[in-house]
Amino acid sequence: MTSITERLWDYDAVEPGHAAGPTLVTITAEQIAEYADIAQNPDPRYRLGNGSDEYGGAPVPMPTMAVSYAPLLRPEIAENNGFVALEHSKTARRQTPFAKCEARWFRPAFVGDTITGVGRVLEKYERRGSKFVTFRIEAENQRGEAVGQYDYTCIFEYARGQREVPRDTGATELTPASDQAEPVEKRPAQLLTFETARVGDTLAELSITESQEIINRKSDFRLAGKPSESNIHNDEEFARQNIFGGTVNAGPATMSYVDQMLELSFPLSAFYNGGSLLMRAITPFRSGDTVTFGGEITGKREDGARGLVECRVKGINQRGDLVCLSDAVMVLGT
């Protein structure tokens with residue numbers, strides 16, 4: 001019997017600078033519509049035949065679609081550097097789950113644009129006994145213009161005895177949002193401007209109920225890279241062997257819900273003119289859970305001709321658990 005020898009791309013093997021070849025994705029209206037559908041976003045701007053008035057009627061993606069048209073491909077980075085990713089190991093297979101992601105946008109991607117994505121290991125670090133790896137993915141269009149970038153952090157090793165994604169400092173002081181909130185779809189659109197935004201104002205809420213069908217579709221939605229036939233999102237048996245003890249949605253899926261919630265209060269240009277969104281995962285978002293995303297304006301300042309509005313968004317499930325904690329900077333004209 002022949003034993004299997006693998007060079008595992010574990011925390012000790014990962015090095016800053018490890019990278020894979022670039023990805024190339026040409027944006028289509030069908031992709032934009034499918035992503036919005038999987039994100040449970042009914043906004044007509046993303047449907048076939050429609051577009052955004054802000055951009056002359058041209059279809060543009062939801063901002064968080066950047067993680068799909070310029071994807072992080074951990075297994076390909078591992079393979080390109082002579083290793084086997086932990087997710088693909090035959091001897092020690094396990095998941096390296098999402099911890100947080102910070103995205104920054106510079107301009108929208110349009111239908112017909114070909115986006116080149118380049119990903120690399122940015123850094124690795126230990127915190128409270130757990131070990132993290134952060135990847136940076138940069139996206140540019142066919143004209144060489146920067147479209148956006150995001151830093152995506154994974155948990156490669158948990159501290160001994162750790163059974164959940166580590167909580168953010170101070171998270172226990174947060175309280176659940178009211179379950180009596182008016183459904184978002186019944187609210188008239190009242191987008192904020194820099195002049196009307198005030199520190200302390202609450203933002204429009206969004207409630208999302210997750211399902212295994214949506215989780216599976218999100219897992220299957222790939223515009224580049226090899227498909228993942230089995231992971232902690234779509235394989236219950238494998239998921240039970242990992243830290244969460246069952247299937248959960250992907251961190252970028254939750255991030256797309258935060259994106260959608262912010263779109264209820266801000267124009268798309270507030271993202272694409274230099275906006276940013278940092279989301280930290282706190283508690284797993286499972287099939288059957290309903291999470292209410294709500295927040296407030298925490299800061300406001302001028303930067304030349306730009307007005308920067310800072311927001312904090314909390315996602316809280318039906319049990320009162322904090323699911324995610326996000327900080328956004330929306331860029332508005334002054």
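Atoms CZ and CG, from Arg312 and Leu278 in turn, are 9.0 Å apart once rounded to the nearest 0.5 Å. Distance CG/Leu191 to CD/Glu54: 7.5 Å, rounded to 0.5 Å. Distance check, rounded to the nearest 0.5 Å: OH of Tyr152 to OG1 of Thr134 gives 11.5 Å. Expressed to the nearest 0.5 Å, how far CG of Asp201 lies from SG of Cys311 amounts to 10.0 Å. Atom-to-atom distance recorded for Lys124:NZ and Phe135:CZ is 11.0 Å, nearest 0.5 angstrom. Rounding to the nearest 0.5 Å gives a distance of 15.5 Å between CD of Gln31 and OH of Tyr46.
The closest donor-acceptor contact from the side chain of Arg127 to the backbone of Phe132 lies at 3.5 Å or more, if one exists at all. Lys300 places a side-chain N or O within donor-acceptor distance of the main-chain N or O of Phe194, the cut-off being under 3.5 Å. For Arg74 (side chain) and Thr96 (main-chain N/O), a donor-acceptor pair under 3.5 Å exists by modelled atom type. Using a distance-only test at 3.5 Å, with no hydrogens or angles considered, a donor-acceptor pair links the side chain of Gln142 to the main chain of Thr114. Checked by atom type and distance alone, the side chain of Thr283 pairs as donor or acceptor with a backbone atom of Leu322 at under 3.5 Å. Checked by atom type and distance alone, the side chain of Asn81 pairs as donor or acceptor with a backbone atom of Ala19 at under 3.5 Å. Side chain of Glu6 to main chain of Ser89: no donor-acceptor pair is present (N/O by atom type, distance under 3.5 Å, no hydrogens or angles). No donor-acceptor pair under 3.5 Å is formed between the side chain of Arg136 and the backbone N or O of Val118. Under a 3.5 Å cut-off, the side chain of Asn317 and the backbone N or O of Arg319 do form a donor-acceptor pair. Within the 3.5 Å criterion, the main-chain N or O of Leu325 finds a donor-acceptor partner in the side chain of Arg280.
Closest of all the heavy-atom pairs between Leu268 and Pro63 is CD2-CD, 3.8 Å. The minimum heavy-atom distance linking Ser52 with Val60 is given by the pair CB-CG2, 4.3 Å. Thr292 and Ser207 make their closest contact through OG1-OG, 2.9 Å (heavy atoms, listed as atom of the first residue, atom of the second, distance). Of all heavy-atom pairs spanning Pro22 and Thr116, the tightest one is CB-CG2, 3.8 Å. Heavy-atom minimum distance, Ala109 versus Ile27: CB-CG1, 4.3 Å. Counting all heavy atoms, side chain and backbone alike, Tyr150 lies closest to Ala70 at OH-O, 2.6 Å.
For residues 16-36, the set of pairs meeting the salt bridge (charged side-chain N to carboxylate O under 4.0 Å, His left out) definition, not counting sequence neighbours, is empty.
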Exercise for review: Applying side-chain contact (heavy atoms from CB on, under 4.5 Å), run through Phe293 and Thr254 and close with a yes or a no.
Suggested key: CA-CA 10 Å; Phe293 298 89; Thr254 301; 4.1 Å; yes
Practice item. Just do the side-chain contact (heavy atoms from CB on, under 4.5 Å) check on Tyr69 and Asp113 with the steps written out, would you? Key: CA-CA 11 Å; Tyr69 61 67; Asp113 280 352; over 6 Å; no
Check your understanding: How far apart are the C-alpha atoms of Thr23 and Glu76, what are their side-chain angles, what is the distance that settles it, and do they pass the side-chain contact (heavy atoms from CB on, under 4.5 Å) test?
Key -> CA-CA 11 Å; Thr23 60; Glu76 283 84 342; over 6 Å; no
Review point. What do the steps show when you test Ile115 against Asn141 for side-chain contact (heavy atoms from CB on, under 4.5 Å), and what is the final call?
Key: CA-CA 5 Å; Ile115 305 299; Asn141 62 24; 4.1 Å; yes
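Residues Ile77 and Phe98 are members of one and the same hydrophobic cluster, defined by side-chain heavy-atom contacts under 4.5 angstrom among Ile, Leu, Val, Met, Phe, Trp and Tyr. A continuous path of Ile, Leu, Val, Met, Phe, Trp and Tyr side chains, each step under 4.5 Å between heavy atoms, connects Tyr272 with Met65, placing both in one hydrophobic cluster. In this structure, Met62 is a member of the same hydrophobic cluster as Phe221, with clusters built from ILVMFWY side-chain heavy atoms closer than 4.5 Å. Tyr35 and Val25 fall within the same hydrophobic cluster, defined by Ile, Leu, Val, Met, Phe, Trp and Tyr side-chain heavy atoms under 4.5 Å apart, directly or through other members. Hydrophobic clustering (ILVMFWY, side-chain heavy atoms < 4.5 Å, transitive): Met279 and Ile38 are in one cluster.
Proximity of Thr153 to Tyr125: side-chain heavy atoms (C-beta onward) are separated by under 4.5 Å at one or more points. For the pair Thr193/Pro267, no side-chain contact is recorded, criterion being any heavy-atom separation below 4.5 Å from C-beta on. Val121 places a side-chain heavy atom less than 4.5 Å from the side chain of Trp9. Contact of the Arg120 side chain with the Glu138 side chain is registered, since non-hydrogen atoms from C-beta on lie closer than 4.5 Å. Proximity of Gln260 to Thr64: side-chain heavy atoms (C-beta onward) are nowhere separated by under 4.5 Å. Taking 4.5 Å as the limit, some side-chain heavy atom of Leu277 sits within range of a side-chain heavy atom of Ser326. Two residues are said to be in side-chain contact when any heavy atoms from C-beta on lie closer than 4.5 Å; Ile297 and Leu192 meet this criterion. Between Leu264 and Leu203, every side-chain heavy-atom pair lies at or beyond the 4.5 Å cut-off.
The number of heavy atoms from other shown groups lying within 6.0 Å of CG (Asp12) is above 12.
Using a 4.0 Å cut-off between charged nitrogen and carboxylate oxygen, Arg45 and Glu263 count as a salt-bridge pair. The residues Asp303 and Arg306 are annotated as salt-bridged, a charged nitrogen and a carboxylate oxygen being separated by less than 4.0 angstrom.
Every residue meeting the side chain to side chain contact (heavy atoms under 4.5 Å, CB included) condition with Ser276, not counting sequence neighbours, appears here in chain and number order: Arg104, Val329. A search for ring pair (Phe, Tyr, Trp, His ring centres under 6.0 Å) contacts involving Phe271 returns Trp105, not counting sequence neighbours. With sequence neighbours left out, Ser211 forms a side chain to side chain contact (heavy atoms under 4.5 Å, CB included) with Glu213, Ile214. Residues passing the side chain to side chain contact (heavy atoms under 4.5 Å, CB included) test with Pro75 are Ala85, His88, sequence neighbours excluded. Taking Tyr55 as the reference, Phe110 meet the ring pair (Phe, Tyr, Trp, His ring centres under 6.0 Å) condition, with sequence neighbours excluded.
Ring geometry for Tyr257 versus Phe285: interplanar angle over 60°, hence perpendicular rather than tilted (30 to 60°).
No side-chain N or O of Asn41 forms a donor-acceptor pair with one of Ser256 less than 3.5 Å apart. Side chains of Gln212 and Asn216: a donor-acceptor N/O pair is present below 3.5 angstrom, by distance only.
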